[in-house]
Amino acid sequence: ANPQGLFALMNIPTPIRGSLTGSIHLSRILEPGSRPGEPLWEGKGNLAAKEGRWGAIPFETLAIKYSCEKSGLDVEDFRIMQKDGSLIAQANTEQVHQENPLKMTAALKNFLAGESRLNGNFSMNGFYFTGPGERISGEIRSDGFEYNRVTAGVLKGTLELKRKILSLN
């Protein structure tokens, strides 16, 4: 299957190519906050795309394993494997409150993004906000981030994903 079709169904057009396999079950309540204490998302899936490209990011394998249950949302494994590099990430949050604690980790090893090579471990502690203005925000940190073999040392900042726009400060 073509992964662009999956993103189009979610109303998130994205330039992604590859051969998609796996299973997906995902349901979403369209009016967040209309039923307090009820989960917004439910389902689980395991998807993989082979030999493709996501924007400026080439990959041999792009895979995600996730579960959405009343107890929370878990991205158990998200990975982009390249010929000489990788990005591996995990995330979890609750989903029944207006403000839900969110934790995310990522490890980049010789990861190619466009013309740049990235290395480092990242963590994010923040919140998944439900209801009107649904968004993700939090503090990110990396000890020993490396960009094109130049060590940047400790990096700190904030990340926000709101209305399909990612902001880093």
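Heavy-atom basis, side chains included; hydrogens, waters and symmetry copies ignored.
Applying the side-chain contact (heavy atoms from CB on, under 4.5 Å) rule to Asp143 yields the partners Arg141, Val154; only residues at least two apart in sequence or on another chain are considered. Legend: residues meeting side-chain contact (heavy atoms from CB on, under 4.5 Å) with Ser27, ordered by chain and number and at least two apart, are His25, Glu42.
If you chain together hydrophobic residues whose side chains sit under 4.5 Å apart, Leu155 and Leu166 fall into the same group. By the criterion of side-chain heavy atoms lying less than 4.5 angstrom apart, applied directly or through intervening Ile, Leu, Val, Met, Phe, Trp or Tyr residues, Val150 is not grouped with Leu118; the two fall into different hydrophobic clusters.
Between Phe78 and Trp54, the closest heavy-atom pair is CZ-CZ3, 3.8 Å. Gln95 and Leu40 make their closest contact through OE1-N, 3.2 Å (heavy atoms, listed as atom of the first residue, atom of the second, distance). The minimum heavy-atom distance between Leu47 and Gly22, with the atom names listed, is CD2-C, 4.1 Å. Heavy-atom minimum distance, Asn148 versus Ser116: OD1-CA, 3.2 Å. Of all non-hydrogen atoms in Val96 and Asn100, the two that sit nearest each other are N-OD1, 3.4 Å. For the residue pair Pro101 and Thr93, the shortest heavy atom distance occurs at O-OG1, 2.7 Å.
For the atom pair Glu139 CD and Ser137 OG, the distance stands at 9.5 Å (nearest 0.5 Å). In this structure, Asn46 CG and Ile64 CD1 are separated by 9.5 Å, a value rounded to the nearest 0.5 Å. The CE atom of Met104 sits 6.0 Å away from the CG atom of Leu159 when rounded to the nearest 0.5 Å. Rounding to the nearest 0.5 angstrom, the gap separating the CH2 atom in Trp41 from the CG atom in Leu73 is 8.5 Å. Atom CG of Asn119 sits about 7.5 Å away from atom CG of Leu108, to the nearest 0.5 Å. In this structure, Tyr128 OH and Glu94 CD are separated by 12.5 Å, a value rounded to the nearest 0.5 Å.
Checking side-chain atoms of Thr61 against main-chain N and O of Ala48 turns up no donor-acceptor pair under 3.5 Å. Between the side chain of Ser142 and the main chain of Asn121, a donor-acceptor pair closer than 3.5 Å is present. In terms of modelled atom types and a separation under 3.5 Å, the side chain of Arg117 and the main chain of Asn110 share a donor-acceptor contact.
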### Task
Go through the steps to decide whether Glu69 and Lys44 satisfy the test salt bridge (Lys or Arg N to Asp or Glu O under 4.0 Å), and finish with yes or no.
CA-CA 8 Å; Glu69 300 172 352; Lys44 54 177 56 180; 3.7 Å; yes

### Message
Test side-chain contact (heavy atoms from CB on, under 4.5 Å) on Leu168 and Ile140; report intermediate values, then the result.
### Response
CA-CA 9 Å; Leu168 295 170; Ile140 57 174; 4.0 Å; yes

### Query
Would Asn92 and Lys103 satisfy side-chain hydrogen bond (donor to acceptor under 3.5 Å, both in side chains), going step by step from the backbone distance to the final call?
CA-CA 6 Å; Asn92 63 57; Lys103 292 194 180 290; over 6 Å; no

#### Entry: Derivation of the side-chain contact (heavy atoms from CB on, under 4.5 Å) call for Leu102 and Met124
CA-CA 8 Å; Leu102 168 68; Met124 177 181 160; 3.7 Å; yes

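A 6.0 Å sphere centred on CD of Glu76 holds more than 12 heavy atoms belonging to other residues, nucleotides or ligands.
Hydrophobic side-chain contacts under 4.5 Å tie Phe129 into a cluster, directly or through other members, with Phe127.
Within the structure, the ring pair (Phe, Tyr, Trp, His ring centres under 6.0 Å) test picks out no pair touching residues 148-169 (sequence neighbours left out). Sorted by first then second residue, the ring pair (Phe, Tyr, Trp, His ring centres under 6.0 Å) pairs that include residues 144-167, not counting sequence neighbours, are Phe122-Phe145.
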Side chains of residues 80-90: which donor-acceptor pairs under 3.5 Å do they make with residues two or more places apart or in other chains?
unit_1: Gln82; atom_1: OE1; unit_2: Leu112; atom_2: N; d: 2.8
unit_1: Gln82; atom_1: NE2; unit_2: Pro58; atom_2: O; d: 2.9
unit_1: Gln82; atom_1: NE2; unit_2: Leu112; atom_2: O; d: 2.8
unit_1: Gln90; atom_1: OE1; unit_2: Thr105; atom_2: OG1; d: 3.0

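A salt bridge links Glu160 with Arg135; the closest basic N to acidic carboxylate O contact falls under 4.0 Å.
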